[in-house]
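Reviewing the structure listed below.
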Amino acid sequence: QNCVIHAIGGAAITLNGGNLDSLIPSNNRVVNCSISDWAFYNRVYAPAIALYGVGNMVSQNLIYDAPHGAITISGNNHIIEKNEIHHVLDEFRDFGAIYGFLGKNQQMRGHIIKENYFHDIGQIGDGVYAIYADEATGGWTIADNIFYKIGNKGARNAAILGNTSSYINIVHNIFIDCSEKIGRASCRER
């Protein structure tokens with residue numbers, strides 16, 4: 001809580017805990033932190049925050065300026081809320097500021113991504129997304145977020161992409177000046 005993490009060589013924070021069999025939450029939290037300029041040496045797959053296990057929370061953080069993604073998701077029932085995420089994925093494609101590759105284990109679900117502010121992501125190339133549920137990832141709720149300047153004119157970027165995903169509920173989000181809102185028909189918007 002209330003940390004500043006800046007200019008480090010790899011991933012900034014890894015949260016793991018809880019019980020995957022019983023779904024007892026860990027209640028680990030990252031709250032009100034500023035995380036920037038991570039992944040100086042390990043430039044790919046080194047997020048600001050990596051979530052594993054059950055029931056972690058990432059809330060009210062400022063996450064920005066990195067070559068790859070901001071938050072990676074594995075496990076169950078994580079909450080990502082009220083964060084500001086911008087200027088990430090400046091060097092790589094086919095990834096999201098928030099990313100999950102959980103299709104091989106369909107039991108990993110129940111994640112809530114709500115009330116976040118994503119902006120200035122994917123301004124320099126294609127294949128960059130604010131939220132990316134990849135390879136049959138399912139069971140996410142994406143609600144009440146603001147997406148501003150995701151992608152660029154003519155780019156193949158979306159604020160939210162579901163790649164062969166299912167049970168992704170997209171509810172009450174605001175999209176402003178995004179090259180595409182939702183990049184896959186398998187996601188449902190309400």
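As the structure is a computational prediction, the values presented were derived from the model and not from experiment.
Between Gln106 and Arg109 the shortest heavy-atom distance is O-NH1, 2.9 Å. Asn116 and Asn145 make their closest contact through N-OD1, 2.8 Å (heavy atoms, listed as atom of the first residue, atom of the second, distance). Between Gly100 and Trp140 the shortest heavy-atom distance is N-CH2, 3.7 Å. Scanning all heavy atoms of the two residues, the minimum distance from Ile168 to Gly138 falls at CD1-CA, 4.0 Å. Looking at every heavy atom in both residues, Lys114 comes nearest to Ile79 through CE-CG2, 4.4 Å. Of all the heavy atoms in Cys33 and Asn61, the pair that sits closest is N-OD1, 2.7 Å.
Interatomic distance, CD of Glu81 versus CG of Asp144, reported as 11.0 Å (0.5 Å rounding). Atom OH of Tyr148 and atom CD1 of Ile174 lie 13.5 Å apart (nearest 0.5 Å). We find the CD1-CD1 distance between Ile85 and Ile80 to be 7.5 Å, quoted to the nearest 0.5 Å. Atom CD1 of Ile176 and atom NE2 of His119 lie 11.5 Å apart (nearest 0.5 Å). Expressed to the nearest 0.5 Å, how far CG of Asn173 lies from CD1 of Ile160 amounts to 5.0 Å. Annotation: the span from Leu62 atom CG to Asn83 atom CG amounts to 9.0 Å, rounded to 0.5 Å.
Looking only at side-chain heavy atoms (C-beta outward), Asn152 and Asn157 come within less than 4.5 Å of each other. For the pair Val44/Phe95, no side-chain contact is recorded, criterion being any heavy-atom separation below 4.5 Å from C-beta on. By the 4.5 Å heavy-atom criterion applied to side chains, Ile150 and Phe175 are not counted as neighbours. Under the 4.5 Å side-chain criterion, counting only non-hydrogen atoms from C-beta, His68 is in contact with Leu89. Between Tyr132 and Asp94, the closest side-chain pair of non-hydrogen atoms falls below 4.5 Å. Side-chain contact check for Phe147 versus Lys181: every heavy-atom pair is 4.5 Å or farther apart. Contact check for Leu102 versus Ser74: side-chain heavy atoms found under the 4.5 Å cut-off. With a 4.5 Å cut-off on side-chain heavy atoms, Arg156 and Glu180 do not count as touching.
Ile71 is connected to Phe92 through a chain of hydrophobic side-chain contacts under 4.5 Å among Ile, Leu, Val, Met, Phe, Trp and Tyr, so both are in one cluster. By the criterion of side-chain heavy atoms lying less than 4.5 angstrom apart, applied directly or through intervening Ile, Leu, Val, Met, Phe, Trp or Tyr residues, Ile182 is not grouped with Ile112; the two fall into different hydrophobic clusters. Clustering ILVMFWY residues whenever any of their side-chain heavy atoms sit less than 4.5 angstrom apart, transitively, puts Leu161 in the very cluster that holds Val88. The cluster map of Ile, Leu, Val, Met, Phe, Trp and Tyr, joined by side-chain heavy atoms under 4.5 Å apart, puts Tyr117 and Met57 in different clusters. In this structure, Phe101 is a member of the same hydrophobic cluster as Ile49, with clusters built from ILVMFWY side-chain heavy atoms closer than 4.5 Å.
Centroid-to-centroid, the aromatic rings of Tyr64 and His87 stay 6.0 Å apart or farther. The six-membered or imidazole ring of Tyr129 lies away from that of Tyr99, with a centre-to-centre distance of 6.0 Å or more.
Within a 6.0 Å radius of OH in Tyr45, other residues, nucleotides and ligands contribute 12 heavy atoms or fewer. Surrounding CD of Glu91 are more than 12 heavy atoms belonging to other residues, nucleotides or ligands, all under 6.0 Å away.
Relative ring orientation between His111 and His78 is described as parallel, the plane-to-plane angle staying below 30° on a 0-90° scale split at 30° and 60°.
Formation of a donor-acceptor pair under 3.5 Å by the Thr164 side chain with backbone atoms of Ala136 is found in this model.
Under the 3.5 Å distance criterion, with hydrogens and angles disregarded, a donor-acceptor pair is assigned to the side chains of Glu135 and Asn163. A donor atom on one side chain and an acceptor atom on the other are found under 3.5 Å apart for Ser26 and Asn56.
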(Q) Before you tell me yes or no, could you show the steps for Ile73 and Ile98 under side-chain contact (heavy atoms from CB on, under 4.5 Å), namely the whole-Å CA-CA distance, both residues' side-chain angles and the distance that decides it to 0.1 Å? (A) CA-CA 8 Å; Ile73 299 174; Ile98 296 177; 3.6 Å; yes
Anything under 3.5 Å between a donor and an acceptor, one on a side chain of residues 34-41, the other on a protein residue two or more places apart or in another chain? List them.
unit_1 : atom_1 : unit_2 : atom_2 : d
Ser36  : OG     : His6   : ND1    : 2.9
Asp37  : OD2    : His6   : ND1    : 3.3
Trp38  : NE1    : Ala46  : O      : 2.9

Hey, can you pull the donor-acceptor pairs under 3.5 Å for the side chains in residues 8-22, sequence neighbours left out?
unit_1 : atom_1 : unit_2 : atom_2 : d
Asn16  : OD1    : Gly53  : N      : 3.4
Asn19  : OD1    : Asp21  : N      : 2.8
Asn19  : OD1    : Ser22  : N      : 2.9
Asn19  : OD1    : Ser22  : OG     : 3.4

